[in-house]
Amino acid sequence: MIFLLALFASIFQTGFTGVNERTFLAIKPDGVQRHLVGEIIRRFEKKGFKLVAMKLMQASEDLLKEHYIALRERPFYNRLVKYMSSGPVVAMVWQGLEVVKTARVMIGETNPADSKPGTIRGDFCIEVGKNVIHGSDSVESAQREILLWFRTDELACWEDSTDHWIYE
């Protein structure tokens, strides 16, 4: 599985930089249950990013274990996988200039207590264990996560008529 992800990542990597950079975001079960999906999408749309894939799904434990593989030695790993599989998540791919870095700023710190007002976690979260949203932490992680959660034919390549109002 990891070999296939690396192979697809090398293919996928070409052409997705600059204004075509992509990131993976997932609204976690607490965000879905609290009806924050529309508000979160609105923030990314108003920023000027382009939604290229989205699905509401019940993530399997196998998918989540692969997604969070880097955290497998951490004491909270099993609790995180159980929580993330406890309800539906909204998996999304967003595209735009420096979208990975900017999305992380918009999301806020992992610990909501450290997040500034105006960020998603600063506005909507209290505890680390219920922090509403996941966002890729690097371009490489984004590529891996996108390929893990979406088939390539699920990613829409479309021309946004507002691009010339957003980018020089």
Colleague: Is the shortest side-chain N to carboxylate O distance from Arg144 to Glu140 below 4.0 Å?
Modeller: no
Colleague: Output, in order, the C-alpha distance, side-chain angles, deciding distance and verdict of side chain to side chain contact (heavy atoms under 4.5 Å, CB included) for His67 and Trp149.
Modeller: CA-CA 9 Å; His67 177 85; Trp149 288 78; 2.9 Å; yes
Colleague: Partners of Arg34 by side-chain contact (heavy atoms from CB on, under 4.5 Å), sequence neighbours excluded?
Modeller: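 Partners of Arg34 by the side-chain contact (heavy atoms from CB on, under 4.5 Å) criterion, ordered by chain and then number, come out as Leu36, Phe124, Val132.
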Colleague: For the pair Glu154 and Arg151, find out whether any cationic side-chain nitrogen is under 4.0 Å from an anionic carboxylate oxygen.
Modeller: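 Result for this pair is yes, salt bridge flagged.
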Colleague: Going by distance alone, is a donor N or O of one side chain under 3.5 Å from an acceptor N or O of the other, for Glu145 and Ser136?
Modeller: yes
Colleague: Hey, can you tell me if His134 and Phe24 have their rings parallel, tilted or perpendicular (30° and 60° cut-offs)?
Modeller: tilted
Colleague: Measure from the side-chain N and O atoms of Glu21 to the backbone N and O of Val99, and report whether any donor-acceptor pair falls under 3.5 Å.
Modeller: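 Yes.
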Colleague: Examine distances only and state if a side-chain atom of Tyr167 and a backbone atom of Leu97 form a donor-acceptor pair shorter than 3.5 Å.
Modeller: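 Such a contact is found between Tyr167 side chain and Leu97 backbone.
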Colleague: Holding to side-chain contact (heavy atoms from CB on, under 4.5 Å), I want the full list of residues that pass it with Thr102, two or more places apart in sequence or in another chain.
Modeller: Lys47, Phe49, Glu98, Met106
Colleague: Give a yes or no on this: more than 12 heavy atoms of other residues, nucleotides or ligands lie within 6.0 Å of atom CH2 of Trp158.
Modeller: yes
Colleague: Between side-chain atoms of residues 75-84 and protein atoms elsewhere (two or more places apart, or another chain), which donor-acceptor pairs fall under 3.5 Å?
Modeller:
residue : atom : partner : partner atom : Å
Tyr77   : OH   : Lys65   : O            : 3.2
Tyr83   : OH   : Asp30   : OD1          : 2.1

Colleague: Could you tell me whether the side chain of Lys130 and the main chain of Pro29 form a donor-acceptor pair under 3.5 Å?
Modeller: no
Colleague: As a quick check of understanding, evaluate side chain to side chain contact (heavy atoms under 4.5 Å, CB included) for Ile41 and Met54, giving each step before the final call.
Modeller: CA-CA 10 Å; Ile41 291 170; Met54 180 173 71; 3.6 Å; yes
Colleague: List the steps, then state whether side-chain hydrogen bond (donor to acceptor under 3.5 Å, both in side chains) holds for Thr162 with Asp160.
Modeller: CA-CA 5 Å; Thr162 63; Asp160 189 335; 2.8 Å; yes
Colleague: With a cut-off of 6.0 Å (strictly less than), are more than 12 heavy atoms of other residues, nucleotides or ligands near NE2 of His164?
Modeller: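 Correct, the count exceeds 12.
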Colleague: Is there a side-chain contact between Ile40 and Ile133 (heavy atoms, below 4.5 Å)?
Modeller: yes
Colleague: Output yes when Asp123 and Arg43 qualify as a salt bridge under the 4.0 Å nitrogen-oxygen rule, no when they do not.
Modeller: yes
Colleague: Please report the closest heavy-atom contact between Ala103 and Leu25, naming both atoms and the distance.
Modeller: CB-CD2, 4.2 Å
